[in-house]
Amino acid sequence: MPLQQQLPKVLPHITVQVPVYNEKYVIQRLLQSLAQLDYPKDKLQIQVLDDSTDETRHLIDKQVAALQQQAIGIEVGRRPNRKGYKAGALQ
């Protein structure tokens, strides 16, 4: 029988950061999966850190708008350059 871990009574606010660069073939599934995380929606923030230069940008904007309409705490951040590549976006 697996051990059942007790959750704390008060869960912390968490942020999930997802660096993205031209991921047009997976971005919609990725964002849908993030939106379905089993965590209280009022304590979950999702940040899509998008450096894309292709149509991924438009796919992200469309999907994020739809998720925001569902009260998912998701936002997009974009940088003027790709300094540091994906890891740089996390800074």
Side-chain angles (χ1 to χ4, degrees):
M1 180 177 281
L3 278 175
Q4 289 198 354
Q5 184 177 2
Q6 292 253 326
L7 291 176
K9 291 183 183 191
V10 178
L11 293 172
H13 289 268
I14 64 168
T15 299
V16 177
Q17 293 182 315
V18 184
V20 176
Y21 177 68
N22 295 349
E23 310 283 351
K24 66 182 178 183
Y25 297 111
V26 298
I27 193 62
Q28 290 174 306
R29 288 177 300 184
L30 172 63
L31 296 179
Q32 279 297 324
S33 294
L34 290 170
Q36 294 174 13
L37 286 173
D38 185 15
Y39 203 79
K41 299 301 182 206
D42 64 326
K43 294 184 180 274
L44 175 64
Q45 175 188 36
I46 302 167
Q47 294 178 346
V48 182
L49 310 172
D50 181 31
D51 285 344
S52 297
T53 57
D54 67 357
E55 67 246 37
T56 302
R57 294 173 68 98
H58 304 293
L59 296 171
I60 289 171
D61 290 343
K62 183 178 177 182
Q63 186 86 23
V64 166
L67 293 172
Q68 288 171 337
Q69 290 294 315
Q70 299 172 33
I72 303 295
I74 188 168
E75 59 189 52
V76 179
R78 292 197 170 98
R79 304 181 298 159
N81 63 59
R82 293 196 62 229
K83 183 177 180 185
Y85 304 98
K86 281 186 179 182
L90 296 171
Q91 295 178 1

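Atoms considered below: every heavy atom in the structure, side chains included; atoms not considered: hydrogens, waters and symmetry mates.
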Note to self: I'd like to know whether NZ of Lys62 has more than 12 heavy-atom contacts from other residues, nucleotides or ligands below 6.0 angstrom.
What the structure shows: no
Item checked: CA sep, side-chain torsions, deciding dist, call: Gln47, Thr15, side chain to side chain contact (heavy atoms under 4.5 Å, CB included) -> CA-CA 7 Å; Gln47 294 178 346; Thr15 299; 3.7 Å; yes
Checklist line | Asn22 versus Thr53, side-chain donor and acceptor atoms under 3.5 Å | finding: yes
Check: Given Leu67 and Gln32, is the side chain to side chain contact (heavy atoms under 4.5 Å, CB included) satisfied, shown in steps?
Finding: CA-CA 8 Å; Leu67 293 172; Gln32 279 297 324; 3.9 Å; yes
Notebook entry, point to check: Quick one: does Ile72's side chain get under 4.5 Å of Gln68's, heavy atoms only?
Noted result: no
Margin query: Any side-chain to backbone donor/acceptor pair from Ser52 onto Arg57? Under 3.5 Å, distance only.
Written below: no
Next item on the list: For the pair Asp51 and Arg79, find out whether any cationic side-chain nitrogen is under 4.0 Å from an anionic carboxylate oxygen.
Entry: yes
Margin query: In this structure, would Val18 and Val26 fall into the same cluster of hydrophobic residues linked by side-chain contacts under 4.5 Å?
Written below: no
Item checked: Any donor-acceptor N/O pair, Glu55 side chain to Lys24 backbone, under 3.5 Å -> no
Check: Is there a donor-acceptor pair under 3.5 Å between the side chain of Lys43 and the backbone N or O of Leu11?
Finding: yes
Check: Is any side-chain heavy atom of Val20 closer than 4.5 Å to a side-chain heavy atom of Thr56?
Finding: yes
Margin query: Less than 4.5 Å apart, side chain to side chain, heavy atoms only: is that true for Arg78 and Ile60?
Written below: yes
